[in-house]
*Asks:* 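Before I ask anything, let me first share the structure, which is written out below as C-alpha cells.
Lettering follows sequence order; numbering is per chain, from 1. On a predicted model such as this, the values are computed, not experimentally measured, just so you know.
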Amino acid sequence: GAVVSQHPSWVICKSGTSVKIECRSLDFQATTMFWYRQFPKQSLMLMATSNEGSKATYEQGVEKDKFLINHASLTLSTLTVTSAHPEDSSFYICSAGAWENEKLFFGSGTQLSVL
Amino acid sequence: DAKTTQPPSMDCAEGRAANLPCNHSTISGNEYVYWYRQIHSQGPQYIIHGLKNNETNEMASLIITEDRKSSTLILPHATLRDTAVYYCIADLSGSARQLTFGSGTQLTVLP
C-alpha cells in the first residue's frame, strides 16, 4: 500500500527557533496533503491543506505566518513552525491526498517539544 | 460531513472479538464509513471502509446497517497490540478531501 513518510519523529527546540517537518509520499504522487495537530488526549485537528504549486489553505484560527507550508513537488510537503513557543508543543501529523482505492494515508507523526 | 458518535472507551479480553459501534444517523447516500485507529504516539492507520455492503479484510470486518445509520467494526480476535483509539468517520471519497476526526473510542485489550 501507499506509504507516507514523516521526518523527524520527534524534535526538541528552544523557544524562538524555527522547526521544519517534512512529509513525503514514497510511492505515489500527492497533489494535496493535509497537516493535523494533536494535543495530549485530544483528537486530530486539521491545520491546513497543502496544495502542490499553490498556496496552502489554513483552517480558521491557524496563523499562516507562524505555520509555513511549502508543497513544491508532488511528493514533498513541509511544515515550518516559525519562532516556536512552548504552546506550540504538540504532535503534528501529515496525510497525503492521492487516494489509493479511496484510502487516505498518514505519516507517523512528529512530536514537537519547545523548551 | 456527517457527524459520528462513538462510546469513549471499551475493554475487550485478549483473544475475544472486539465490537466497536458507531452511530452516523445523518450520513448522506454518497458518504462512506471509514475506520482508522491510532496507537499511542503514532499516526492514524487505515483499517477498513464501506459504503453500503459489509466489508471484510485481513484486519477487521465492517457491518453497516441497512439504513446506514450505524455500523460496527469487528476485530475478530483482539490482541494486546490492538489497544488504540478507534475513529469512525463518515465522509466522501476523493483525493481533495481531508478527514475530520471525532473523539473516537479508546479500546483497551486486557490480558
Side-chain angles (χ1 to χ4, degrees), chain A residues 1-7 9-10 21 23-25 28-52 54 56-59 62 74 77 90-113, chain B residues 1 3-9 20 22 27 30-53 55-60 62 64 73 83-108:
Chain A
V3 177
V4 175
S5 174
Q6 188 172 341
H7 178 80
S9 298
W10 58 270
I21 303 170
C23 181
R24 295 180 184 273
S25 55
F28 65 99
Q29 293 182 333
T31 55
T32 306
M33 291 185 178
F34 306 101
W35 288 95
Y36 293 82
R37 180 169 53 182
Q38 185 176 32
F39 292 106
K41 299 190 182 299
Q42 295 185 21
S43 188
L44 286 77
M45 295 297 295
L46 181 69
M47 297 176 64
T49 300
S50 170
N51 303 297
E52 187 270 334
S54 64
T57 304
Y58 291 82
E59 295 299 300
V62 178
L74 288 172
S77 175
S90 186
F91 192 56
Y92 293 86
I93 307 166
C94 71
S95 66
W99 290 64
E100 174 188 300
N101 297 327
E102 304 164 332
K103 292 177 277 187
L104 190 64
F105 294 93
F106 290 81
S108 55
T110 298
Q111 180 63 53
L112 170 63
S113 297
Chain B
D1 302 345
K3 178 177 174 153
T4 61
T5 304
Q6 299 177 252
S9 64
L20 291 89
C22 179
I27 193 169
N30 55 354
E31 287 183 314
Y32 288 73
V33 178
Y34 289 89
W35 283 86
Y36 282 78
R37 73 180 182 183
Q38 186 179 26
I39 296 171
H40 183 62
S41 298
Q42 297 183 24
Q45 176 190 22
Y46 168 85
I47 301 173
I48 199 167
H49 76 287
L51 184 62
K52 296 181 181 179
N53 299 322
E55 302 288 344
T56 296
N57 62 21
E58 64 278 5
M59 290 184 67
L62 173 60
I64 303 174
L73 177 74
T83 293
V85 178
Y86 286 77
Y87 296 99
C88 168
I89 302 168
D91 207 328
L92 300 173
S93 173
S95 61
R97 294 186 59 83
Q98 76 280 5
L99 292 177
T100 301
F101 287 79
S103 54
T105 296
Q106 170 67 59
L107 174 68
T108 302

*Asks:* Count the heavy atoms belonging to other residues, nucleotides or ligands that lie under 6.0 Å from CE of A:Met45, then report whether that count exceeds 12.
*Replies:*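 No - once you tally the heavy atoms of other residues, nucleotides and ligands closer than 6.0 Å, there are 12 at most.
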*Asks:* Quick one, A:Leu44 with B:Tyr87, criterion side chain to side chain contact (heavy atoms under 4.5 Å, CB included). Give me CA distance, side-chain angles, the key distance, then yes/no.
*Replies:* CA-CA 10 Å; A:Leu44 286 77; B:Tyr87 296 99; 4.0 Å; yes
*Asks:* Identify which part of A:Gln38 has an atom lying under 4.5 Å from any heavy atom of chain B, answering side chain, backbone, both or neither.
*Replies:*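 Looking at A:Gln38, just its side chain touches chain B.
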*Asks:* Quick one: ring-ring contact (aromatic ring centres under 6.0 Å, His included) partners of A:Tyr36, sequence neighbours excluded?
*Replies:*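 Checked A:Tyr36 against ring-ring contact (aromatic ring centres under 6.0 Å, His included); matches are A:Phe106, B:Phe101.
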*Asks:* Between A:Phe34 and B:Leu99, is the side chain to side chain contact (heavy atoms under 4.5 Å, CB included) condition met? List the steps.
*Replies:* CA-CA 9 Å; A:Phe34 306 101; B:Leu99 292 177; over 6 Å; no
*Asks:* Enumerate the residue pairs fulfilling salt bridge (Lys or Arg N to Asp or Glu O under 4.0 Å) with a member in residues 36-52 of chain B, sequence neighbours excluded, ordered by first and then second residue.
*Replies:*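 For residues 36-52 of chain B: B:Arg37-B:Asp82.
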*Asks:* If you count heavy-atom pairs under 4.5 Å with chain A, which of B:Gln45, B:Gln106, B:Gln38 comes out on top?
*Replies:*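 Most pairs with chain A among the choices: B:Gln38.
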*Asks:* Can you name the nearest heavy-atom pair linking B:Gly43 to A:Ile93, along with the distance?
*Replies:*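 Looking at all heavy atoms of both residues, the shortest contact is CA-CG2, 4.4 Å.
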